[in-house]
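Taking it in order: structure first as structure tokens, then the write-up.
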Amino acid sequence: MHSKEKILVTGAAGFIGSALLRKLDSTEFVTYPVARNTSTDRDIFVLKNIDDSTDWTEGLHKCNTVIHLAARVHGVQEKAIDPLAEFRRVNVGGTLNLAQQAAVAGVKRFIFISSVKVNGESTTAGHAFTENDPPSPQDAYGQSKHEAECGLRRIAETSNMEVVIIRPPLVYGPGVKANFAALMRAVQLGWPLPLGAVDNRRSLVSLGNLVDLILVCISHPKAAGQTFMVSDGFDLSTAELVRGLARVHGVGVRLVSVPVWILRSGAALLGKSSAIDRLCGNLQVDISKARNILGWVPPVSVEQGLSRVVSGEGARPV
């Protein structure tokens, strides 16, 4: 009897990892899920720290594929004295330590979930980020992801392990938190939002679409050695996003048209310029490479993605 291929998944108890495990459970693969902590009933192997000293021997035994989701993520309230050093410890040291051990253990493919922040924070009108653009990370998180990508490519060049890199923009889905969740609550409560005049373009990716691309990259022969941007394939203005959320919530839209320059001026006075940049600025990604090389088409529409956020579909505990 042919044994199932083993996949090591880090960050398995997180927002993306939980959804990925649910999908993998319905495939021919056997998973070895790892997380720093878990509050679910599922058997997840707990590692308190993921850095350059973590021993991955057990998880990598007879492992074919590694999907590395675990990371130190950027937060609003940064408490570290040297944030870049902390990001490097986990996102660079932890990633490359795992990859080096994986290569020695004979792992065939290492899938790394990076970030659009490697490309930068914003795009100009009419231009979308591609995989070929010069990296331009603007914060410690983006810098650490860029350094991890570079290290992974070096490991791939000196071993038989194939590396695949995926750079998502903002990921939304059941259980999403932070700014997206705050915007959802404001829409659901019917609060008037001063975003009616915002005519920007933002690429987002639903949890279902990101998980689907990861699954394709596990076995597609042409994914080896490639970097892919990912999105829903349909970009929205912030005002359109608000209208979409209102529609799936079944509530009325309360958009007030305030000139963008006034929003930016007010945000600057409150020290919230970065937040207003995300609401009013452009950030688009081009997914042509994934379409052309992998034949990948996002299976979840924006409307379906937003409906799943509101309904909580797919948010069952793992």
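Please read these numbers as outputs of a predicted model, since none were measured by experiment.
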Check step by step if side-chain contact (heavy atoms from CB on, under 4.5 Å) holds for Glu131 and Ile165.
CA-CA 10 Å; Glu131 299 84 355; Ile165 296 168; over 6 Å; no
Asp133 and Met229: CA distance, side-chain angles, deciding distance, side-chain contact (heavy atoms from CB on, under 4.5 Å) verdict:
CA-CA 11 Å; Asp133 290 333; Met229 311 302 293; over 6 Å; no
Let's go through Asn97 and Trp56 carefully: what are the C-alpha distance in whole Å and the side-chain angles of both, what is the deciding distance for side-chain contact (heavy atoms from CB on, under 4.5 Å) to 0.1 Å, and is it a yes or a no?
CA-CA 9 Å; Asn97 174 52; Trp56 294 95; 3.8 Å; yes
So Leu96 and Asp52, side-chain contact (heavy atoms from CB on, under 4.5 Å) or not? Walk me through it.
CA-CA 7 Å; Leu96 301 186; Asp52 60 4; over 6 Å; no
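For the side chain to side chain contact (heavy atoms under 4.5 Å, CB included) criterion with Arg243, the lone passing option out of Thr238, Leu255, Val187 is Leu255. Each of Val164, Val9, Leu215, Leu69 was scored for a side chain to side chain contact (heavy atoms under 4.5 Å, CB included) with Ile111, with one residue passing: Val164.
In this structure, Asn179 and Leu170 have side chains that are not in contact, with every pair of non-hydrogen atoms separated by 4.5 Å or more. Residues Cys280 and Arg264 are in side-chain contact: their nearest non-hydrogen atoms beyond the backbone lie under 4.5 Å apart. Put simply, the side chain of Leu294 does not reach to within 4.5 Å of the side chain of Gln226, judged on heavy atoms. At a threshold of 4.5 Å between non-hydrogen side-chain atoms, the residues Arg278 and Leu283 do not count as touching. Between Leu241 and Leu183, some side-chain heavy-atom pair lies under the 4.5 Å cut-off. The shortest side-chain heavy-atom distance between Arg291 and Pro298 falls under the 4.5 Å cut-off. Considering only heavy atoms from C-beta on, Leu98 comes within 4.5 Å of Leu8 through its side chain. Within the 4.5 Å cutoff, the side chain of Asn119 has no heavy atoms near those of the Val285 side chain.
Closest approach of Arg36 and Ala71 over heavy atoms only: NH2-O, 3.8 Å. Between His146 and Pro137, the shortest heavy-atom contact is CB-CG, 4.2 Å.
Grouping the Ile, Leu, Val, Met, Phe, Trp and Tyr side chains by contacts below 4.5 angstrom, directly or via other members, places Val104 apart from Phe112. Taken together through direct or relayed side-chain contacts under 4.5 Å among Ile, Leu, Val, Met, Phe, Trp and Tyr, Val30 and Leu60 form parts of separate hydrophobic clusters. No path of Ile, Leu, Val, Met, Phe, Trp and Tyr side chains, each step under 4.5 Å between heavy atoms, connects Val66 with Val211, placing them in separate hydrophobic clusters. Linking Ile, Leu, Val, Met, Phe, Trp and Tyr residues whenever their side-chain heavy atoms come within less than 4.5 Å leaves Val300 and Ile166 in two separate clusters. Cluster annotation: Val90 is not connected to Val34 through the hydrophobic network of ILVMFWY side chains, with a link wherever side-chain heavy atoms come within less than 4.5 Å.
By the 6.0 Å contact criterion, NZ on Lys108 is open, its count of non-hydrogen atoms from other residues, nucleotides or ligands being 12 or less. Counting non-hydrogen atoms of neighbouring residues, nucleotides and ligands closer than 6.0 angstrom, the NE2 atom of His61 reaches no more than 12 such neighbours. The 12-atom threshold is not exceeded at NZ of Lys23, counting heavy atoms of other residues, nucleotides or ligands nearer than 6.0 Å. Within 6.0 Å of CG on Asn160 lie no more than 12 heavy atoms contributed by other residues, nucleotides or ligands.
Under 4.0 Å is where a charged nitrogen must lie from a carboxylate oxygen, and between Arg154 and Glu157 no such pair does. The pair Glu240-Arg201 meets the salt-bridge criterion, with a side-chain N (NZ, NE, NH1 or NH2) lying under 4.0 Å from an Asp/Glu carboxylate O. Taking the charged nitrogens against the carboxylate oxygens, Glu149 and Arg167 do have a contact shorter than 4.0 Å, which makes a salt bridge.
Put simply, CG on Leu20 and CD1 on Ile214 are 5.0 Å apart, with the number rounded to the nearest 0.5 Å. Atom CD of residue Glu121 and atom CG of residue Asp277 lie 9.0 Å apart, to the nearest 0.5 angstrom. One distance of note links CZ of Phe87 with CG of Asp139; it measures 7.0 Å at 0.5 Å rounding. The structure places SG of Cys217 at 8.0 Å from CD1 of Ile113, a figure rounded to the nearest 0.5 Å. We find the OG1-CG distance between Thr95 and Asp51 to be 11.0 Å, quoted to the nearest 0.5 Å. Residue Lys117 holds its NZ atom at 12.0 Å from NZ of Lys145, rounded to the nearest 0.5 Å.
With hydrogens and angles disregarded, no donor-acceptor distance shorter than 3.5 Å links the side chain of Thr124 to the backbone of His127. Judged purely by atom type and a 3.5 angstrom limit, Arg254 uses its side chain to pair as donor or acceptor with the backbone of Gly190. For Thr130 (side chain) and Asn132 (main-chain N/O), a donor-acceptor pair under 3.5 Å exists by modelled atom type.
By the ring pair (Phe, Tyr, Trp, His ring centres under 6.0 Å) test, Tyr172 is found to be paired with Phe180, residues two or more places apart in sequence or in another chain being considered.
In this structure, a donor-acceptor pair under 3.5 Å is absent between the side chains of Ser122 and Asn282. Between the side chains of Ser288 and Asp286, at least one donor N or O sits under 3.5 Å from an acceptor N or O.
Ring planes of Phe45 and Tyr32: parallel class, angle under 30° (limits at 30 and 60°).
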